[in-house]
Amino acid sequence: MASNFRKTLLTVSLFFNVLLADAGHAADVPYPSKPVTMVVPFTAGGPTDTVARLIAQSMSAELKQTIVIENVGGAGGTLGAGRVARAAADGYTVLLHHIGQATAPSLYRKLPYKVEDFEAIGLVTAVPMTIVARKDFPPKNLKELIDFAKKNKDKVTYANAGLGSASHLCGMLLMKAMDTVLTTVPYKGTGPAMNDLLGGRVDFMCDQTTNTTSQIKAGKIKAYAVTSKKKIASLPQLPTAAESGLPGFEISVWHALYAPRNTPKVAIDRLNQALKVALKDKTVISRFAELGTEPEPEERLKPEVLNTYLKEERARWDEVIRKAGQFAE
Ligand code: ASP
């Protein structure tokens, strides 16, 4: 009897020794010791994907590890966010998302994650939007677009990247400000939406400068206004929406980096450090400027700043969304 007890005791203590050694080993392995996956919750080629690939290149050099971009589109970014919420909290899966992280809880009755399933790494950039149309769309300016949309009610088609996407939010605000209804055409990202705009298969959309600047400069789409408070240097010819017939109309799409809840602090700190380096990278800064945006300033890059900002934005958009009466089952 006693020898059996001793054998069991030995097995149990061996088991715990292996466990502790393994944990100790894990703690000794420097982070990151393997590639990091950066999930983009929209299709490749869209504005969020553009921001992700730009910062990933620079963060990868700083981390001395590959950063693999994984595009998981659908449901306004909530499918991709759910993918990260369920990932191992080991620092090897991160989420690059935008304002949709703040609006989804008000728009979706059922989400594939809980709001507390994420750890803040840091803010990245706030991108202005442009109101753009297919080349041969009749309205010549925003005022004519407003009149045209009122007269043609739901015959005007408007592209967005699903409920909760930035293009959806802008469209929601536009319909309210224009006091009209548009027929919305949802895509898994404004990358594919842009293809239909270029092909004349959808009338107009409100999308981020990171996706529209090159097409506007090439004269392939019509541009009516920017949605930022002031004009932007990369598209100096564009008036603001506020001065073109929609007083007070302003929306910019902030982006941030997150990890699954309980990701070790050593990983969060290392990722935050790499993000700070990336946002000071001259290549990132100049490419952002060409695309109409700029990095968040250094003083806003602490994880706690993102936590506070996310809470404020959730409250702000919850009120707007309830007033608009928009939600998805
Ligand atoms: N950010 C989305 C994308 O990259 C578009 C959107 O949110 O409107 O496709």
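Residue numbers count from 1 along this sequence. For ligands, and for the atoms within them, numbers begin at 1 and follow the listed sequence.
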Could you list the atoms of ligand 1 found under 4.0 angstrom from a heavy atom of [X]?
X      : value
Ala161 : 5 (C), 6 (C), 8 (O)
Gly189 : 9 (O)
Ser165 : 6 (C), 7 (O), 8 (O)

Identity and separation of the nearest protein heavy atom to [atom]:
atom                   : value
atom 4 (O) of ligand 1 : Thr48 N, 3.0 Å
atom 7 (O) of ligand 1 : His98 NE2, 2.6 Å
atom 8 (O) of ligand 1 : Ser167 OG, 2.5 Å
atom 9 (O) of ligand 1 : Thr190 N, 2.9 Å

Do NZ/NE/NH1/NH2 and the carboxylate oxygens of Asp318 and Arg322 come within less than 4.0 Å? yes

Pair Arg270 + Glu62, salt bridge at N-O below 4.0 Å: yes

Shortest non-hydrogen contact from Ala278 to Met59? CB-CG, 3.8 Å

Parallel under 30°, tilted from 30 to 60°, perpendicular over 60°: which one fits the rings of His255 and His98? perpendicular

For the pair Phe148 and Phe137, name the ring-plane relationship: parallel under 30°, tilted 30 to 60°, perpendicular over 60°. perpendicular

Has ligand 1 got any nitrogen or oxygen that is less than 3.5 angstrom from a nitrogen or oxygen of Ala166? yes

Any side-chain donor near an acceptor of the partner, Ser234 and Thr213, under 3.5 Å: no

State if Gln208 counts as touching ligand 1 under the rule of any non-hydrogen atom under 4.0 Å. yes

Can you tell me how far apart OG1 (Thr240) and CZ (Phe249) are? Round to the nearest 0.5 Å. 11.0 Å

